[in-house]
> 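Structure incoming, see below.
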Amino acid sequence: MTTSDSTAGPRPIELLAPARNLACGLAAIEHGADAVYIGAEHFGARAAAGNSVADIGVLCRRAHVFGARVYATLNTIVYEDELQRARELMGSLADAGVDAFLVQDMGYLPSADSPLGAASRVHASTQTDNRTAEKVKWLRDRGFSRVVLARELSASEIAAIHEAVPDVELEVFVHGALCVSYSGLCYASQYCFGRSANRGECAQLCRMKYSLKDHAGRTLGRERYWLSLKDLCQADALEELLLAGASSLKIEGRLKDEVYVKNVVAAYSERLNSIIARHPDRYKRASRGRCTYGFTPNLSKTFNRGFTHYFLHGRVADMASPDTPKAMGEFVGNVKWMERENGRAAITVAGTASFGNGDGLCFINEERQLEGFRVNSARGNRLYPLRMPRGLKPGMALYRNNDQEFERLLSGHSAERKMDVTMVLEATGDGFCLTMLDAESGAAWGKAETRFEHQEAKKPQHDNMVNQLKRLGGTPFACSEVVVKGQADRYFLPSSLLSELRQRVVAASLDGTRLSAGSGLGRQQPAAASHDSQLSSWSALYNRPYLFNIANSRARAFYEKEGLKDMAPAFELAGGGREPLLMQCRYCIRFALGHCVRHGGRAPQWEEPLFLELADGRQFRLEFDCKNCQMNVYGTAKGGKEK
């Protein structure tokens with residue numbers, strides 16, 4: 001696989017981390033993220049993860065010290081009575097220092113009357129359903145500087161998009177939970193519960209248990225979590241994604257806690273650094289600073305339902321987690337013996353894992369249900385739960401979904417991020433000057449001068465000067481070298497004055513980084529809007545007008561200008577008719593069951609269409625669209641609002 005990355009020097013690569021709140025955002029920066037995406041008080045696609053503009057401003061100031069960026073997620077559809085508030089929020093966030101807006105609603109697009117004029121920098125959220133080169137080109141021509149691609153794309157499909165539209169930044173998900181539907185085109189939660197996924201209130205219908213039935217009403221197997229996918233993990237495929245043209249590697253998880261953020265960001269940052277170390281002429285990090293960790297990152301120790309590459313190499317089996325939508329964690333061994341020891345339940349585990357008091361373990365029982373238990377105490381590989389788990393049997397695999405020692409390590413100060421600098425001290429005509437330089441590039445961070453009489457020293461000054469100027473603890477800098485130029489060390493310079501010079505040069509350097517590092521909305525060049533590409537080149541995918549998610553007058557005016565003829569309000573406003581299309585999925589149950597003839601499976605014996613049925617009797621019809629290699633989920637007369 002080849003791309004056109006080549007001649008302009010190393011390409012900046014961004015590791016993009018989620019932030020539920022300010023603490024998570026700061027943790028992401030400290031553990032190696034090049035950028036953070038965070039929701040504001042309203043209009044983010046995770047309604048439960050809102051933050052004040054003031055907190056986002058604090059995060060921006062800290063991130064910009066390291067040249068890292070902060071993106072505000074305004075990626076819900078916006079109702080008419082919310083337009084003014086949404087546009088005012090955009091202006092407030094720009095003033096707070098955010099570097100770009102992540103949006104779904106076309107009402108946010110840069111324009112002469114937008115809060116920031118036509119210079120707003122906007123990224124097209126994955127909620128805009130970005131799966132073709134035609135759609136990406138169309139978005140670029142409307143002013144988007146970056147496009148977040150659909151999770152369902154393969155490496156070769158990403159490469160084809162990059163080849164077709166090389167002047168757009170491509171953001172690609174590399175880790176975290178997977179939605180079974182193409183993002184932005186899932187209306188199941190709204191249909192069943194009045195909670196819109198396009199408004200940040202998804203009720204996760206894909207994580208519910210269903211019976212699978214055929215047209216004759218026969219149940220095909222037992223109840224399972226038929227739509228629940230494993231979690232994405234591309235940790236061992238980052239170089240492949242970079243070669244395909246990805247410039248931003250995105251971690252999912254704006255509802256996850258600090259431990260998740262710290263561990264996952266550190267794990268991916270180390271892998272990315274390893275790739276860059278092998279290809280320094282091809283890639284570089286998009287921000288500054290090196291991280292040291294007080295723990296060993298381990299992706300299996302944070303929330304996951306098992307891992308999948310999804311469609312990275314095309315359609316493969318074993319993408320789903322049909323037995324449970326909950327976290328399985330890391331495999332720790334098989335049950336060897338179960339017995340009672342002095343009246344206590346005791347379990348011996350065959351394996352090399354070590355255990356701690358309070359660890360949470362789980363297993364899949366003979367009914368294919370997830371069971372869990374807590375370890376009261378552990379002695380080596382011998383575990384003592386409060387009571388023997390009901391469904392546990394010898395030989396069963398055990399998984400740890402809560403590692404107490406690992407949680408303890410990450411609950412406190414677990415990483416440090418520093419930028420290496422050189423301190424240069426020299427004498428001036430009437431005093432001294434201290435300059436702080438970037439150790440790698442030699443560029444000046446900041447400078448501080450003081451007037452002080454040149455007095456010949458009675459004893460050597462060099463060692464004291466070095467010791468005083470190296471003391472950068474508590475700052476984002478680490479001094480790798482002190483250079484005393486000329487004969488500056490022949491003069492007496494009090495430690496207090498050296499300390500003052502050091503503090504002043506650090507302050508000057510931090511002021512400079514805040515102004516220049518994160519670029520900021522007012523200092524980034526947005527993509528030039530044009531209308532070279534046509535709506536019709538990709539809109540044929542949308543055979544129902546509500547799929548355009550038009551929820552306000554600005555979005556409607558935008559699509560009218562684009563020439564959209566068959567226009568209707570968003571599903572949230574007007575519904576989708578008697579049997580609405582609720583999900584469009586690249587994942588396919590027929591394929592998962594081995595009955596996709598197109599891919600070499602056995603011809604099914606059931607009578608289609610198939611239906612998914614919830615415990616309360618609500619049904620959803622499945623359509624296997626083999627022409628587009630897609631599974632569609634429809635509402636039925638037995639579906640609708642919660643009964």
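These figures come from a predicted structure and were not determined experimentally. We number each residue from 1, following the sequence as shown.
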> Could you go through Glu157 and Phe311, starting from their C-alpha distance and side-chain angles, then the distance that decides it, and tell me whether this counts as side-chain contact (heavy atoms from CB on, under 4.5 Å)?
CA-CA 10 Å; Glu157 288 169 325; Phe311 286 92; 5.8 Å; no
> By the definition side-chain hydrogen bond (donor to acceptor under 3.5 Å, both in side chains), identify the one residue from Thr126, Thr128, Asn198 that meets it with Gln104.
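It is Asn198, the one option of Thr126, Thr128, Asn198 that forms the side-chain hydrogen bond (donor to acceptor under 3.5 Å, both in side chains) with Gln104.
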> Should we say atom CD of Glu341 is surrounded by more than 12 heavy atoms from elsewhere, each under 6.0 Å from it?
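Buried by this count: over 12 neighbours within 6.0 Å.
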> Just so I know, are the side chains of Val261 and Thr302 near enough to count as touching, which here means a heavy-atom distance under 4.5 Å?
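No, their side chains stay 4.5 Å or more apart.
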> Would the distance check show the side chain of Arg285 and the main-chain N or O of Gly32 forming a donor-acceptor pair, the cut-off being under 3.5 Å?
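Confirmed, Arg285 side chain pairs with Gly32 backbone.
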> With sequence neighbours left out, what residues match Glu152 under salt bridge (Lys or Arg N to Asp or Glu O under 4.0 Å)?
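Partners of Glu152 by the salt bridge (Lys or Arg N to Asp or Glu O under 4.0 Å) criterion come out as none, since no residue qualifies.
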> Knowing that exactly one of His309, Gln234, His313 qualifies, which makes a side-chain hydrogen bond (donor to acceptor under 3.5 Å, both in side chains) with Glu240?
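Answer to the side-chain hydrogen bond (donor to acceptor under 3.5 Å, both in side chains) test with Glu240 among His309, Gln234, His313: His313.
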> Contact between Leu370 and Asp323 at the side-chain level, heavy atoms closer than 4.5 Å - yes or no?
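No, every pair of side-chain atoms sits at 4.5 Å or beyond.
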> Would you call the rings of His599 and Phe591 parallel, tilted or perpendicular if under 30° counts as parallel and over 60° as perpendicular?
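His599 vs Phe591 ring planes: perpendicular.
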> After noting the C-alpha distance and the side-chain angles of His123 and Asn75, does the key distance pass the side chain to side chain donor-acceptor pair (under 3.5 Å) rule?
CA-CA 10 Å; His123 297 173; Asn75 55 340; over 6 Å; no
> Should Ser247 and Arg146 be marked as a side chain to side chain donor-acceptor pair (under 3.5 Å) after you check the CA-CA gap, both sets of side-chain angles, and the distance that decides it?
CA-CA 10 Å; Ser247 57; Arg146 176 184 294 186; 5.3 Å; no
> Tell me, do Tyr182 and Cys585 make a side-chain contact under 4.5 Å, heavy atoms counted?
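The answer is no; the side chains never approach within 4.5 Å.
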> For residues Tyr283 and Leu272, determine if any side-chain heavy atom of one lies less than 4.5 Å from a side-chain heavy atom of the other.
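No, their side chains stay 4.5 Å or more apart.
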> So, Arg195 side chain and Glu201 main chain: donor-acceptor pair closer than 3.5 Å or not?
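Checking the backbone N and O of Glu201 against the side chain of Arg195, a donor-acceptor pair under 3.5 Å is found.
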> Please list all pairs meeting ring-ring contact (aromatic ring centres under 6.0 Å, His included) that have one or both residues in residues 318-376, counting only residues at least two apart or in different chains.
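ring-ring contact (aromatic ring centres under 6.0 Å, His included) check on residues 318-376 returns Phe331-Tyr399.
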> Is any side-chain heavy atom of Glu613 less than 4.5 Å from a side-chain heavy atom of Tyr210?
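Not in contact.
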> By salt bridge (Lys or Arg N to Asp or Glu O under 4.0 Å), which residues pair with Asp318, not counting sequence neighbours?
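Residues passing salt bridge (Lys or Arg N to Asp or Glu O under 4.0 Å) with Asp318: Lys230.
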> Per the salt bridge (charged side-chain N to carboxylate O under 4.0 Å, His left out) rule, what does the pair list look like for residues 350-360, sequence neighbours excluded?
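The answer is Asp359-Arg400.
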> Write out all pairs satisfying salt bridge (charged side-chain N to carboxylate O under 4.0 Å, His left out) with one or both partners inside residues 292-310, taking only residues at least two apart or from two chains.
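Residue pairs with at least one partner in residues 292-310: Asp231-Arg305, Lys301-Glu330, Lys301-Asp403.
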> Give me the atom names and distance for the closest heavy-atom approach of Phe193 to Ala203.
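Shortest heavy-atom separation between Phe193 and Ala203 comes out as CD1-CB, 3.6 Å.
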> With a 4.5 Å limit on heavy-atom distance, are the side chains of Glu371 and Leu392 in contact?
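Counting from C-beta outward, Glu371 and Leu392 never come under 4.5 Å.
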> If you take all heavy atoms of Arg602 and Leu593, which pair is closest and at what distance?
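Closest pair (atom of Arg602, atom of Leu593, distance): NH2-O, 3.9 Å.
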> Any idea how Phe620 and Tyr191 line up, ring-wise: parallel (<30°), tilted (30 to 60°), or perpendicular (>60°)?
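Taking Tyr191 first and then Phe620, their aromatic rings stand perpendicular (interplane angle over 60°).
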> Who are the side chain to side chain contact (heavy atoms under 4.5 Å, CB included) partners of Ala267, not counting sequence neighbours?
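For Ala267, the residues satisfying side chain to side chain contact (heavy atoms under 4.5 Å, CB included) (neighbours in sequence not counted) are Arg271, Pro297, Leu299.
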> Can you check whether Arg408's main-chain N or O pairs, donor with acceptor, with Ser411's side chain at less than 3.5 Å?
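Yes; at least one donor-acceptor contact below 3.5 Å.
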> Could you go through the side-chain contact (heavy atoms from CB on, under 4.5 Å) check for Glu252 and Lys250 one step at a time?
CA-CA 6 Å; Glu252 183 276 339; Lys250 185 171 194 172; over 6 Å; no
> Please list, chain by chain and in numerical order, all residues satisfying side chain to side chain contact (heavy atoms under 4.5 Å, CB included) with Leu220, sequence neighbours excluded.
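Side chain to side chain contact (heavy atoms under 4.5 Å, CB included) check on Leu220 returns Leu212, Asp214, Trp606, Leu610.
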> Should the ring pair Phe307 and His175 be called parallel, tilted or perpendicular, given that the plane angle runs from 0 to 90° and is split at 30 and 60?
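Rings of Phe307 and His175: tilted, as their planes differ by 30° to 60°.
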> Name all residues meeting the side chain to side chain donor-acceptor pair (under 3.5 Å) criterion together with Arg344; count only those two or more places apart in sequence or in a different chain, and write none if there are none.
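Here no residue qualifies.
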> For the residue pair Asn334 and Gly395, what are the closest heavy atoms and their distance?
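Taking every non-hydrogen atom into account, ND2-O, 3.1 Å.
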> Take Leu178 and Thr308, measure what side-chain contact (heavy atoms from CB on, under 4.5 Å) needs, and give me the verdict at the end.
CA-CA 10 Å; Leu178 289 166; Thr308 175; 3.7 Å; yes
> Mind checking what makes side chain to side chain contact (heavy atoms under 4.5 Å, CB included) contact with Glu416, not counting sequence neighbours?
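Glu416 satisfies side chain to side chain contact (heavy atoms under 4.5 Å, CB included) with Glu30, Thr292, His413, Lys418 once adjacent residues are dropped.
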> After noting the C-alpha distance and the side-chain angles of Met631 and Leu227, does the key distance pass the side-chain contact (heavy atoms from CB on, under 4.5 Å) rule?
CA-CA 11 Å; Met631 180 180 76; Leu227 297 176; 3.9 Å; yes
> Begin with the C-alpha distance, continue with both residues' side-chain angles, and end with the deciding distance and a verdict on side chain to side chain donor-acceptor pair (under 3.5 Å) for Asn357 and Gln404.
CA-CA 7 Å; Asn357 299 346; Gln404 288 290 293; over 6 Å; no
> Taking side chain as C-beta onward, heavy atoms only, is Tyr268 less than 4.5 Å from Leu249?
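In short, these two side chains do not touch, never coming nearer than 4.5 Å.
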> What is the distance from atom OG of Ser181 to atom CD of Gln630, rounded to the nearest 0.5 Å?
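Between atom OG of Ser181 and atom CD of Gln630 there are 8.5 Å.
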> Can you check side chain to side chain donor-acceptor pair (under 3.5 Å) on Ser228 and Arg207, steps first, answer last?
CA-CA 5 Å; Ser228 182; Arg207 304 298 180 190; 2.9 Å; yes
> Is there a donor-acceptor pair under 3.5 Å between the side chain of His279 and the backbone N or O of Ile275?
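Judged by distance alone, no pair lies under 3.5 Å.
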> What residues form a side chain to side chain donor-acceptor pair (under 3.5 Å) with Arg278, not counting sequence neighbours?
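Arg278 satisfies side chain to side chain donor-acceptor pair (under 3.5 Å) with Glu239, Ser274 only.
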> Thr348 and side chain to side chain contact (heavy atoms under 4.5 Å, CB included): which single residue from Val335, Leu383, Asn381 fits?
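The option that passes is Asn381.
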> Would you mind checking if Glu339 and Arg382 are paired as a salt bridge, meaning a charged N to carboxylate O distance below 4.0 Å?
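Yes, Arg382 and Glu339 are salt-bridged.
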> For Ile158 and Leu170, work out which heavy atoms get closest and say how close.
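Here Ile158 and Leu170 meet closest at O-CD1, 4.2 Å.
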> Could you pull out all residues at least two apart from Ser287 that satisfy side chain to side chain contact (heavy atoms under 4.5 Å, CB included)?
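Ser287 satisfies side chain to side chain contact (heavy atoms under 4.5 Å, CB included) with Asp34, Ala68, Arg417 only.
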> Is there a donor-acceptor pair under 3.5 Å between the side chain of Asn376 and the backbone N or O of Tyr384?
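Answer holds: no.
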> How would you list, by chain and number, every residue that makes a ring pair (Phe, Tyr, Trp, His ring centres under 6.0 Å) with Phe406, sequence neighbours excluded?
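So Phe406 forms no ring pair (Phe, Tyr, Trp, His ring centres under 6.0 Å) with any residue.
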> State whether the side chain of Asn21 and the backbone N or O of Asn51 hold a donor-acceptor pair below 3.5 Å, judged by distance alone.
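Flag not set: sc Asn21 to bb Asn51 has no pair under 3.5 Å.
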> Do His64 and Asp99 have side-chain heavy atoms sitting under 4.5 Å apart?
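Yes. Closest side-chain heavy atoms under 4.5 Å.
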> Donor-acceptor pair, distance only, cut-off 3.5 Å: does the side chain of Arg315 make one with the backbone of Cys629?
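Checked: pair present.
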